[in-house]
2 protein chains.
Amino acid sequence: MKLITRNTDYALRAICYIAKQKNVVTVTELVRVLGVPRPFMRKILQQLSKEKILKSYKGQSGGFKLKLFPEKIFIIQIMHIFQGQVSLSECFLKKDICPNRGKCVLRKKIRQIENNALGQLRQISIASLVKG
Amino acid sequence: MKLITRNTDYALRAICYIAKQKNVVTVTELVRVLGVPRPFMRKILQQLSKEKILKSYKGQSGGFKLKLFPEKIFIIQIMHIFQGQVSLSECFLKKDICPNRGKCVLRKKIRQIENNALGQLRQISIASLVKG
DNA sequence: ACAAAAGATACTAATATGGTATCATTACTC
DNA sequence: GAGTAATGATACCATATTAGTATCTTTTGT
Ligand code: FES
Ligand code: FES
């Protein structure tokens, strides 16, 4: 079981790399640095640019830059993009079978854990990763 | 993205229900109470009994009981059974590309979150769920 | 013997993940 | 303004995981 999938992971590393560069970064360069399959990397970067995390420049000598400051990008945003809403506490039982959702202890406990983890993920910015 | 899958969820609820009963509980009863497909429920219970969480009784008027006290069964054990090891912090990059695993900030941060979540999961017993 | 339970095992369906492939568009360079 | 080197868009494919079915065997109380 993984909390972070491969594309999120690659995306994070790509963003970190880009954050450290002064100029635009091309897919070619990222592929060389990260050793990730080129078409996959491309797809990931395109998604990130569609989601306004990266800014893209077409044409010769184009590439990608961060659209936001590294302090303004958080792990959880990237997870959302590639993994959808992180929801640990959705009830799998039919609605009419567990009518007392409000009192359900299991759900409450799990929601607690969720909130903790999300709280932490919300605080980890790209900036804090790059500094290390 | 789900931290807890359907079979873990069903297993937890089944265990909770069984914990509350005095006598053995049959699949038929659980299916009625939880509204889960019968063959699926059967499979789940069989796994639980193979993993020594439940004790099974064959033959007429057979069924399942807890093998351990509810205080001794923890959510994380059930997750292990159905979802394998929970590992958030495995590195997806090729080993030779990120040689400085020790210093990797991303990895360290994620490991932190993992430890937190696992710590909490390790503490939630069936007993604490049933009390509510 | 019979019925009602679980055990074992193999199979199938649906969904999510991890990619490829291809063609269109943009923009710098000469 | 043609060529080239970049991204954009989109459709497709492969694999793994999750969710569930089907079937047959074994056990045991009556
Ligand atoms: S059983 Fe559905 S919310 Fe707890
Ligand atoms: S990049 Fe592999 S451990 Fe951080």
Side-chain angles (χ1 to χ4, degrees), chain A residues 1-11 14 18 23-32 34-65 67 78-87 90 92-94, chain B residues 1-11 14 18 23-32 34-65 67 78-87 90 92-94:
Chain A
M1 218 236 73
K2 300 265 167 55
L3 186 60
I4 287 189
T5 58
R6 207 172 266 256
N7 40 14
T8 302
D9 191 280
Y10 290 168
I18 295 170
N23 302 316
V24 296
V25 176
T26 68
V27 170
T28 306
E29 186 175 352
L30 281 166
V31 163
R32 201 184 56 238
L34 299 180
V36 163
R38 185 189 169 82
F40 196 32
M41 189 80 259
R42 249 159 71 66
K43 189 175 169 181
I44 290 170
L45 293 171
Q46 283 182 15
Q47 281 177 270
L48 286 173
S49 111
K50 212 184 278 180
E51 300 284 345
K52 320 278 191 192
I53 304 291
L54 298 180
K55 188 157 194 288
S56 74
Y57 299 88
K58 284 171 124 183
Q60 206 172 37
S61 81
F64 297 89
K65 276 197 344 188
K67 185 152 192 176
I78 312 304
M79 288 179 70
H80 273 154
I81 293 172
F82 296 101
Q83 304 173 214
Q85 195 68 32
V86 180
S87 77
E90 191 182 307
F92 285 113
L93 292 187
K94 318 283 185 327
Chain B
M1 217 237 77
K2 300 267 164 55
L3 185 60
I4 287 190
T5 57
R6 209 171 265 256
N7 41 15
T8 303
D9 191 280
Y10 289 168
I18 295 169
N23 302 316
V24 295
V25 176
T26 68
V27 170
T28 306
E29 186 174 351
L30 281 166
V31 163
R32 202 183 56 236
L34 299 180
V36 163
R38 186 191 168 82
F40 195 32
M41 189 81 259
R42 248 158 71 66
K43 189 173 167 182
I44 290 170
L45 293 171
Q46 283 182 15
Q47 281 177 271
L48 286 172
S49 111
K50 214 184 274 180
E51 300 283 346
K52 321 278 192 193
I53 304 289
L54 298 180
K55 189 158 195 286
S56 75
Y57 300 88
K58 284 171 126 183
Q60 207 171 38
S61 80
F64 298 90
K65 277 196 343 187
K67 186 152 192 175
I78 312 305
M79 288 180 70
H80 273 153
I81 292 172
F82 295 102
Q83 305 174 211
Q85 195 71 32
V86 179
S87 77
E90 191 182 307
F92 285 113
L93 292 187
K94 319 281 186 328

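These numbers come from a predicted model, not from an experiment.
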What string of B, S and - do you get for nucleotides 21-30 of chain D, 5' to 3', if B is base contact, S is sugar-phosphate-only contact and - is no contact with any protein heavy atom under 4.0 Å? B-B--BBBBS
A/T5: what forms a side chain to side chain contact (heavy atoms under 4.5 Å, CB included) with it, not counting sequence neighbours? A/N7, A/T8, A/Q83
Round to a whole Å and report the spacing from CD of B/Q83 to C1' of D/dA16. 15 Å
Using the test side chain to side chain contact (heavy atoms under 4.5 Å, CB included), find all partners of A/I81 that sit at least two apart in sequence or belong to another chain. A/L48, A/E51, A/I53
So side-chain hydrogen bond (donor to acceptor under 3.5 Å, both in side chains) across residues 37-49 of chain B, not counting sequence neighbours, yields B/T28-B/R38
Enter the distance from B/Q85:CD to A/K2:NZ here, rounded to the nearest 0.5 Å. 11.5 Å
How many Å lie between CE on B/M79 and P on D/dT18, as a whole number? 11 Å
Here the distance between atom P of D/dA6 and atom CE of A/M41, to the nearest Å, is 16 Å
When rounded to whole Å, the CD to P distance for the pair A/Q47 and D/dT10 reads 13 Å
Could you measure the distance from the CG atom of A/L45 to the CD1 atom of A/I18? Nearest 0.5 Å is fine. 5.5 Å
Euclidean distance, A/I44 CD1 relative to A/F82 CZ, rounded to 0.5 Å: 5.5 Å
For A/L54 and D/dA6, give me the distance from atom CG to atom P, rounded to whole Å. 17 Å
With a 4.0 angstrom cut-off to heavy atoms of chain B, pull out the first and last contacting nucleotide of DNA chain C, in 5'-to-3' order. C/dA4 to C/dA8
Rounded distance (Å) that lies between atom P of D/dT18 and atom CD1 of B/I44: 13 Å
Sequence-distant partners of B/K67, side chain to side chain contact (heavy atoms under 4.5 Å, CB included), two or more places apart: B/K52, B/K55
Distance in Å, A/F40 CZ paired with A/L34 CG, rounded so as to fall on 0.5 Å steps: 12.0 Å
